[in-house]
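To find a chain, count down the sequence lines: A is the first, B the second, and so on, and within it residues start at 1.
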Protein chains: 2
Amino acid sequence: MLTLYYAPNSCALASHIALEQVGAQYETVRVDFSRSEQREPEYLRINPKGRVPALVTKCGILTETPAILSFICQLFPAAELAPLDDAFALAQFNEFNSYLCSTVHVAHAHRMRGYRWVDDPTAIAAMQKKVPQTVGDCFQLIETEMFKGPWVMGARYTACDIYLFTLAQWLEGDGVDPERFPKIADHRRRMLQLPVVGKVIAAERGSA
Amino acid sequence: MLTLYYAPNSCALASHIALEQVGAQYETVRVDFSRSEQREPEYLRINPKGRVPALVTKCGILTETPAILSFICQLFPAAELAPLDDAFALAQFNEFNSYLCSTVHVAHAHRMRGYRWVDDPTAIAAMQKKVPQTVGDCFQLIETEMFKGPWVMGARYTACDIYLFTLAQWLEGDGVDPERFPKIADHRRRMLQLPVVGKVIAAERGSA
């Protein structure tokens with residue numbers, strides 16, 4: 001049994017969808033950000049970073065979306081969510097997920113989590129102002145340079161699709177029109193039609 | 001033959017050391033940030049993100065340090081720079097590198113690259129002011145929660161050590177006293193004594 005700690009509308013959605021997609025036996029625990037539960041001692045014992053996701057496994061606890069996604073792919077190879085048999089394709093898979101966590105998610109985080117990098121409220125407001133541009137630039141680069149189609153890596157559906165979908169869900173909130181990126185917008189509509197995606201979104205909404 | 005595009009004092013040092021460590025046949029191309037070569041059309045054809053590192057392989061070009069490190073580890077399994085035979089240990093390896101790229105490197109980047117996230121010069125200065133705290137907090141977490149010793153992952157030296165060393169080289173510049181973190185400071189001294197590390201640092205300095 002795996003246990004996923006998550007918060008609704010967070011990047012933990014990617015790990016949640018991946019667990020559902022591979023048919024894992026798992027349970028979820030909601031961390032209530034509105035009550036700052038992620039900073040409570042009880043949760044910090046699970047994840048000292050005070051973030052989600054965290055995946056409790058029989059071997060220990062894992063954090064960081066790219067690592068959790070890769071672990072799920074490796075634990076359930078029959079689901080074929082990563083090109084485990086091809087070193088270069090796997091490197092491209094890692095490259096894409098690494099870009100999402102280190103650049104795209106970070107650009108987004110400057111809207112709601114500016115206090116991580118600055119104390120001055122005026123500076124936080126200045127950061128928020130630039131978010132539509134920085135997030136938009138990221139998705140433009142994905143649209144024109146990275147997305148092969150019909151899926152992120154081409155013919156094969158992978159965990160990259162799940163992760164991209166998760167971050168694309170934030171576009172409107174970040175002040176970016178999703179229709180600026182026709183391939184990503186179409187991808188998002190197709191992802192939303194997948195039964196596992198609908199099921200996980202409904203489950204997270206139900207708990208909120 | 002592999003070709004690494006790098007800039008001195010950048011995170012590309014990690015990929016450079018890893019290539020040397022595994023005994024890869026490779027050449028390096030210096031990207032001159034002082035002349036903004038990373039934003040020239042010639043380099044953007046290599047890496048549209050305008051960043052380093054980029055690794056040109058016979059299969060295509062790879063970017064993002066965690067992806068390049070994992071690829072090198074997989075291409076040269078005899079060097080044993082990643083726990084490729086243990087899914088959970090490999091996930092911990094990915095988790096550590098993911099934290100470095102998405103949180104530690106990002107905290108550091110707010111000192112010199114604040115313009116990525118904000119336009120207002122006052123806000124950029126406010127960001128810079130907080131860098132010693134944010135970078136210090138990251139290394140404190142590594143010191144107390146992640147670093148197993150004598151190497152990052154415990155008994156086994158891995159690419160995580162190379163990547164941690166690379167970012168620890170920035171501590172003084174970020175206004176953080178490295179001696180606050182005895183385990184990481186000792187690790188850095190041991191890394192600096194490795195012949196491959198000395199050789200790569202000398203090569204990057206010689207080209208600067």
Side-chain angles (χ1 to χ4, degrees), chain A residues 47-49 51 55 57-72 74-75 86-103 105-107 109-110 114-120 122-131 133-134 137 141 144-146, chain B residues 47-49 51 55 57-72 74-75 86-103 105-107 109-110 114-120 122-131 133-134 137 141 144-146:
Chain A
N47 181 5
K49 297 171 190 163
R51 307 265 177 100
L55 185 69
T57 80
K58 64 179 186 191
C59 300
I61 297 169
L62 289 176
T63 61
E64 307 290 337
T65 295
I68 291 173
L69 291 178
S70 290
F71 181 67
I72 293 169
Q74 204 160 15
L75 216 55
D86 178 335
F88 187 75
L90 187 60
Q92 290 182 305
F93 170 96
N94 289 330
E95 177 186 39
F96 187 80
N97 290 347
S98 194
Y99 180 67
L100 294 192
C101 81
S102 66
T103 304
H105 189 151
V106 168
H110 282 74
Y115 55 80
R116 284 180 186 161
W117 302 287
V118 84
D119 294 320
D120 175 21
T122 319
I124 288 178
M127 277 177 172
Q128 290 170 333
K129 200 175 150 193
K130 200 176 166 82
V131 166
Q133 181 195 326
T134 54
D137 288 350
L141 201 71
T144 55
E145 302 287 347
M146 301 179 197
Chain B
N47 182 5
K49 296 171 191 163
R51 307 264 179 102
L55 185 70
T57 81
K58 64 177 185 192
C59 301
I61 297 169
L62 289 175
T63 62
E64 306 291 335
T65 295
I68 292 175
L69 291 178
S70 290
F71 181 68
I72 294 169
Q74 204 159 15
L75 215 55
D86 178 336
F88 187 76
L90 188 60
Q92 290 182 305
F93 171 96
N94 290 330
E95 176 187 39
F96 187 80
N97 289 348
S98 194
Y99 179 67
L100 294 192
C101 82
S102 67
T103 304
H105 189 152
V106 169
H110 281 74
Y115 56 81
R116 285 181 186 163
W117 303 287
V118 83
D119 293 320
D120 175 21
T122 320
I124 288 179
M127 278 178 172
Q128 290 171 332
K129 197 174 152 195
K130 200 176 165 82
V131 166
Q133 181 195 326
T134 55
D137 287 351
L141 201 71
T144 54
E145 301 288 345
M146 301 180 197

**Complete:** All heavy atoms of B/V118 vs all of A/A123, minimum pair found to be CG2-O, 4.5 Å

**Item:** Heavy-atom pairs under 4.5 Å with chain A, option from B/P48, B/P66, B/A126 with the top count
**Value:** B/P48

**Asked** B/F71 vs A/F88 aromatic rings, parallel, tilted or perpendicular, using cut-offs 30° and 60°?
**Response** perpendicular

**Prompt:** With only heavy atoms counted, which part of A/Q74 is less than 4.5 Å from chain B, the side chain, the backbone, both or neither?
**Reply:** side chain

**Request:** For chain A, find which of B/K49, B/H105, B/Q92 contributes the most heavy-atom pairs closer than 4.5 angstrom.
**Result:** B/K49

**Message:** Quick check on A/T57 against chain B: is it the side chain, the backbone, both or neither that has a heavy atom closer than 4.5 Å?
**Reply:** side chain

**For chain B, the option from A/G60, A/A107, A/S70, A/A109 that forms the most heavy-atom pairs under 4.5 Å** = A/G60

**Fill in**
Most heavy-atom pairs under 4.5 Å with chain B, out of A/Q133, A/E64, A/M146, belong to A/E64

**Complete:** B/I61 and A/E95 have their tightest heavy-atom pair at O-OE2, 4.1 Å

**Item:** Atom of A/S102, atom of B/C101 and distance for their closest heavy-atom approach
**Value:** CB-O, 3.6 Å

**Prompt:** CG of B/L62 to OG of A/S98: how many Å apart, nearest 0.5 Å?
**Reply:** 11.0 Å

**Asked** Which residue out of A/V106, A/V131, A/D120 racks up the most heavy-atom pairs below 4.5 Å with chain B?
**Response** A/V106

**Request:** Provide the closest heavy-atom pair for A/A91 versus B/A67 in the form atom of the first, atom of the second, distance.
**Result:** O-CB, 3.5 Å

**Message:** For the interface with chain A, which of B/H110, B/M127, B/K129 has the highest count of heavy-atom pairs at distances below 4.5 Å?
**Reply:** B/H110

**Asked** Would you say the side chain of A/T134 lies within less than 4.5 Å of the side chain of B/R116, judging by non-hydrogen atoms?
**Response** no

**Message:** Under a 4.5 Å cutoff for heavy-atom pairs, which residue among B/N94, B/T63, B/L141 has the most contacts with chain A?
**Reply:** B/T63

